[in-house]
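So that the names make sense, note that chain A is the first sequence line, chain B the second, and so on, each numbered from 1.
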Amino acid sequence: MSSSAASEPKRYNFRETEAKWQKVWDGKQTFRAVMDKARPKYYVLEMFPYPSGRIHMGHVRNYTQGDVIARYKRAKGFNVLHPMGWDAFGLPAENAAIEKKTHPKTWTYANIATMKAQLKSMGLSLDWSRELATCDPSYYRHEQKMFLDFWKAGLAYRREAWVNWDPVDNTVLANEQVIDGKGWRTGATVERRKLTQWNLKITTFADELLSRLDTLDRWPEKVRLMQANWIGKSRGARLSFELTDASGADRGKLEIFTTRPDTLFGASFMALSPEHPITAQLAADDPGLQRFVAECRKTGTAAAEIETAEKQGYKLPLLAKHPLVPGRTMPVYAANFVLMEYGTGAIFGCPAHDERDHEFATKYGLPILQVVAPANAKEKIDVQAAPFVDDGVIVNSEFLNGLAVEDAKAKVIARLEEMKVGTGTTQYRLRDWLVSRQRYWGCPIPAIHCEKCGVVPVPEKDLPVKLPDDVTFDRPGNPLDHHPTWKHVPCPTCGGAARRETDTFDTFIDSSWYFDRFTSPGLETAPFDRAENEYWMPVDQYIGGVEHAILHLLYSRFWTRAMREVQLTGRDEPFDGLFTQGMVCHETYRASDGTWLLPEEIERTAGGNVVRASDKSPVEVGRSEKMSKSKKNVVDPDQIIRDYGADTARWFMLSDSPPERDLEWTEAGVTGAWRFQQRLHRIASEAMNGLPAAGTAKPAALSDAATELRRAAHKTVAGLSADIEAFHFNKAVARLYELANTISGFAAKDAGDAWAQREALEIFVRLIGPMTPHLAEELWQELGHTTLLADSPWPVADAGLLVDDTVTVAVQLNGKLRGTIALPKDAAKDVAEKTALALPELVRGLEGKTPKRVIVVPNRIVNVVV
RNA sequence: GCCCCCGUGGCGGAAUUGGUAGACGCGCCUGACUCAAAAUCAGGUUUCCUCACGGAAGUGUUGGUUCGAGUCCGACCGGGGGCACCA
């Protein structure tokens with residue numbers, strides 16, 4: 001072995017090489033971004049991480065994709081901003097404080113240090129000089145200031161309302177943060193509590209947030225659709241019903257919202273939310289109603305519970321007068337299925353044309369009045385048995401009879417408006433954003449409660465309101481509230497004894513403007529410098545997980561608009577382009593005792609069985625799932641980078657799977673990626689000897705083989721550029737494999753060939769630059785360059801080499817392939833036809849028959865029809 | 001229940017506006033090198049029939065449009081995601 005070492009090509013030492021180039025980039029501050037109005041900018045951003053402790057493969061995939069774009073755009077001549085920071089506030093830090101007795105700040109900053117070192121080992125083209133952490137007072141002071149501005153502008157307010165309470169985290173949650181009746185972080189079933197909390201008026205922008213989705217044409221359709229559904233715009237009407245008691249005495253009015261005013265003549269009952277003020281008022285002296293309301297509150301909001309929960313009503317001592325039919329009255333119920341948060345918290349029931357109302361009416365024996373008939377008169381329906389909810393023609397409805405549903409809606413709204421009992425309106429499902437959290441490790445809400453003056457903003461000169469460091473986590477609840485002195489302050493208005501707000505902000509606020517802060521991270525006087533911000537923003541390409549489709553992305557779109565309202569920016573949208581990457585998955589392994597095993601704890605036997613490495617006991621192999629600590633199907637990026645190098649990890653992340661789809665992490669895939677790195681280095685090293693010097697002029701004449709090699713290289717430049725622009729990294733990788741195969745199969749026979757070989761190699765090295773930057777930089781140097789590849793421009797494809805002189809055209813007989821012919825490019829149709837008809841395979845297939853018709857698609861196909 | 005996306009070899013996946021289905025990679029098979037193994041290199045690899053030449057079928061199922069369908073349209077089957085008493 002030792003004797004052959006001298007003759008064998010040197011193995012690529014990734015460890016040494018990767019460290020070397022990282023140091024060079026660092027030392028030269030290669031990726032530092034400086035505003036330069038003479039150059040076009042490009043802002044690439046990956047969703048910044050929560051400093052949980054260590055990076056995981058999802059991060060590696062996300063940041064690799066962003067880095068490909070950043071390095072590519074840099075090479076294309078853009079002034080690229082590619083920053084990184086830390087979403088550093090949040091509950092895990094408090095949980096760690098309780099479990100490990102470390103301070104949240106200590107824990108967070110230690111994690112940041114670890115993860116920063118890990119990210120650095122990936123060789124990302126980041127401008128670390130702009131690094132920020134949201135838990136830093138120099139960051140959150142601006143957040144507090146903006147909040148005060150929003151408050152002044154009426155975009156922030158306090159309100160008592162029923163809220164979602166997470167019993168595990170001991171805090172409230174916003175509507176978006178409750179998934180299937182459970183807390184988004186803890187998975188605990190959410191409880192209903194009535195509390196006074198801070199809200200941001202996202203609903204002010206409901207219509208704008210919806211309509212502007214259409215203009216976000218570089219966002220995934222899926223995300224736009226999810227946001228549109230979440231905002232949930234419905235056209236309809238609000239109208240008032242007069243209420244009386246059984247004796248006919250006036251009991252005020254009841255306002256309802258409906259999307260089906262056309263079915264008003266089919267109304268047979270009214271239903272109020274258990275939380276409706278009228279319900280509450282009547283409950284005061286009705287113990288039965290009190291019990292009913294309490295019962296409704298107990299029912300959870302989980303999907304399964306709702307589906308099985310029966311429609312329940314409690315008949316109130318009220319009657320509602322039909323606004324269009326004199327003398328007709330309807331019973332009024334409190335009903336468990338009516339939500340206080342939507343519309344007016346009250347409805348009219350039209351059982352003939354609504355599933356839910358039908359179920360309720362059937363249960364309580366209420367009349368079912370048909371007012372819509374199928375447009376096709378032959379169609380038989382029975383609304384007593386099932387509601388008819390399709391489009392149709394209005395019947396039994398006086399002045400609406402014969403109209404189509406849509407026309408009837410317009411006509412009845414016009415009539416109600418004339419009578420001044422109703423009006424056409426638009427209703428949104430979106431609710432205001434509840435931002436108070438009863439936690440310590442978050443940005444303090446800059447407000448002071450004074451018994452005399454009410455809720456008073458903290459004066460700007462007192463910002464930031466800093467978190468106290470000396471807190472304890474020895475009892476449940478909010479440590480800020482338990483702090484002996486922190487909350488006691490004089491009222492800024494009257495000077496009397498007052499109390500600080502002890503709630504902190506939802507951490508989604510921190511991440512709603514960090515991309516703006518990156519444009520001027522050190523500025524003390526404002527969240528950002530206007531000129532810097534206008535140069536860099538919006539983010540041209542944002543990359544992250546689809547799990548933020550609603551939460552973070554909607555909040556950020558709101559915050560940008562709120563900043564616009566207080567004249568901080570003139571911008572509507574923060575993210576011009578969005579890409580949502582897929583998850584990283586891995587097989588799961590279970591030992592015979594039922595415990596989960598790490599991939600590194602198993603091994604494969606010669607017979608192909610999977611066993612536990614320690615005792616060779618059999619292992620059950622489960623399907624591939626998203627990598628998660630709980631199922632132990634995780635692979636540590638550190639270990640992969642140590643064993644195979646960052647370039648291998650990056651290359652594997654980009655190969656095979658389309659970036660928006662889930663990626664299956666396999667050992668075989670990693671070793672495959674690793675072998676290719678080695679092979680590349682070998683191909684380049686072997687070819688290196690006979691090459692002319694860098695910068696040698698192109699020879700006057702080139703062999704056919706050399707021209708073919710050039711064609712392959714230049715076609716790859718064009719194709720790969722298009723692939724990267726379109727986020728088709730897997731196709732880009734495939735093209736690079738093809739070019740590598742072409743180059744390795746090429747043997748130079750003369751000086752011209754060697755020149756073409758150098759050209760192809762240089763092109764190749766520049767093309768792999770965004771994907772495997774260390775190897776590319778190394779080969780660039782070995783090719784004799786003294787400048788950095790990272791500073792070199794993207795190769796330009798010679799248009800003349802992209803088109804072939806001859807093309808292969810398929811010949812079909814009745815649409816079936818018979819063979820191919822070679823034709824000059826853009827050959828005349830009759831030439832193509834003549835050549836095709838002479839093709840022996842076609843002649844044989846024709847069996848002497850005369851073609852009826854010949855279809856010629858130039859440069860593509862000739863189809864002979866008999 | 002409503003809305004959206006996706007079904008292509010043993011596997012991940014390619015296929016411009018409808019125009020040679022299976023690029024590229026993984027795996028597997030054969031060969032070279034080696035005492036041997038690893039690594040590497042060369043060739044093969046959709047299925048079926050055939051010694052071969054060659055032929056037939058084939059993109060979840062099924063019907064349609066077309067000279068021509070993985071691609072367009074209808075129905076169905078399967079998988080995934082989002083929303084869900086939203087009036």
Side-chain angles (χ1 to χ4, degrees), chain A residues 1 4 8-9 11 179-181 220-230 232-234 236 256-260 263 271 273 299 301 303 305-307 309-311 335-339 341-350 354-357 359-360 427-431 546 549-550 652 655-658 660-664 666 668-673 675-676 678-679 682 722 728 730-741 744-745 808-821 841 844-845 851-866:
Chain A
M1 220 161 97
S4 63
E8 274 178 22
R11 236 179 187 201
I179 292 147
D180 200 14
E221 186 58 42
K222 185 170 70 167
V223 173
R224 291 191 282 168
L225 196 80
M226 280 167 69
Q227 290 211 356
N229 288 340
W230 188 263
K233 182 177 183 172
S234 306
I256 62 97
F257 172 76
T258 180
T259 55
R260 292 297 303 272
T263 64
S273 165
T299 316
T301 44
E305 278 179 76
I306 286 164
E307 221 146 89
E310 212 177 322
K311 304 276 173 290
N336 64 343
F337 63 87
V338 182
L339 303 175
E341 300 89 349
Y342 187 76
T344 62
I347 60 160
F348 78 76
C350 176
D354 182 278
E355 295 275 359
R356 202 186 37 202
D357 296 348
E359 193 185 329
F360 190 81
Q427 187 67 42
Y428 297 91
R429 211 186 73 115
L430 183 71
R431 318 272 158 80
V546 74
I550 292 170
F652 178 63
S655 314
D656 292 347
S657 294
E660 71 279 7
R661 259 191 249 177
D662 289 352
L663 173 139
E664 164 90 6
T666 61
V670 183
T671 52
R675 276 203 301 268
F676 184 65
Q678 294 292 339
R679 177 161 172 246
R682 202 164 46 240
H728 293 159
N730 56 322
K731 285 161 70 179
V733 164
R735 272 184 215 283
L736 290 170
Y737 274 117
E738 278 178 297
L739 183 58
N741 290 340
S744 83
T808 308
V809 171
V811 179
Q812 298 182 333
L813 177 61
N814 289 333
K816 278 186 188 173
L817 185 72
R818 287 292 133 172
T820 58
I821 51 174
E841 289 93 332
R844 185 148 30 106
K852 234 194 293 187
R853 201 177 148 195
V854 180
I855 291 133
V856 180
V857 181
N859 302 324
R860 287 210 170 271
I861 211 158
V862 178
N863 189 13
V864 180
V865 185
V866 294

Practice prompt. Would you confirm whether A:N863, through its side chain, and A:I855, through its main-chain N or O, come within 3.5 Å as a donor-acceptor pair?
Written response: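 Checking the backbone N and O of A:I855 against the side chain of A:N863, no donor-acceptor pair under 3.5 Å is found.
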
Hey, does the side chain of [X] come within less than 4.0 Å of [N]'s phosphate (OP1/OP2), counting only N and O?
X      : N      : result
A:N814 : B:rG68 : no
A:R679 : B:rU40 : no
A:R431 : B:rC86 : no
A:N229 : B:rC86 : no
A:Y737 : B:rG25 : no
A:K816 : B:rA57 : yes
A:R853 : B:rU66 : no
A:R661 : B:rC5  : no
A:R818 : B:rU20 : no

Using the [atom1] atom on both, measure [N] against [M] and round to a whole Å.
N      : M      : atom1 : value
B:rG80 : B:rU65 : P     : 35 Å
B:rA39 : B:rU46 : P     : 24 Å
B:rG55 : B:rU62 : C1'   : 27 Å
B:rC29 : B:rC67 : C1'   : 41 Å
B:rA56 : B:rG60 : P     : 23 Å
B:rG79 : B:rU17 : P     : 31 Å
B:rA42 : B:rC26 : P     : 13 Å
B:rU59 : B:rU8  : P     : 11 Å

Discussion item. Tell me whether the rings of A:Y737 and A:F676 are parallel (<30°), tilted (30 to 60°) or perpendicular (>60°).
Written reply: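 Correct class here is tilted.
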
Worksheet item: Which comes earlier along RNA chain B counting from the 5' end, the contact point of A:S234 or that of A:A668, where each point is its nearest nucleotide?
Response: A:A668

Discussion item. Looking at A:R735 and A:E738, is any side-chain nitrogen of the basic one under 4.0 Å from a carboxylate oxygen of the acidic one?
Written reply: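 No, this pair does not count.
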
Worksheet item: Looking only at heavy atoms, which two atoms of A:K852 and A:V866 are closest? And how far apart?
Response: CE-C, 3.7 Å

Item to complete: Check the chi torsion on B:rG9 and let me know: syn if it falls within 90° of 0, anti if not.
Response: syn

Discussion item. Any strand counts, and the cut-off is 3.5 Å on both contacts for Watson-Crick or G-U wobble. Which nucleotide pairs with B:rG7?
Written reply: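 WC or wobble partner is B:rC77.
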
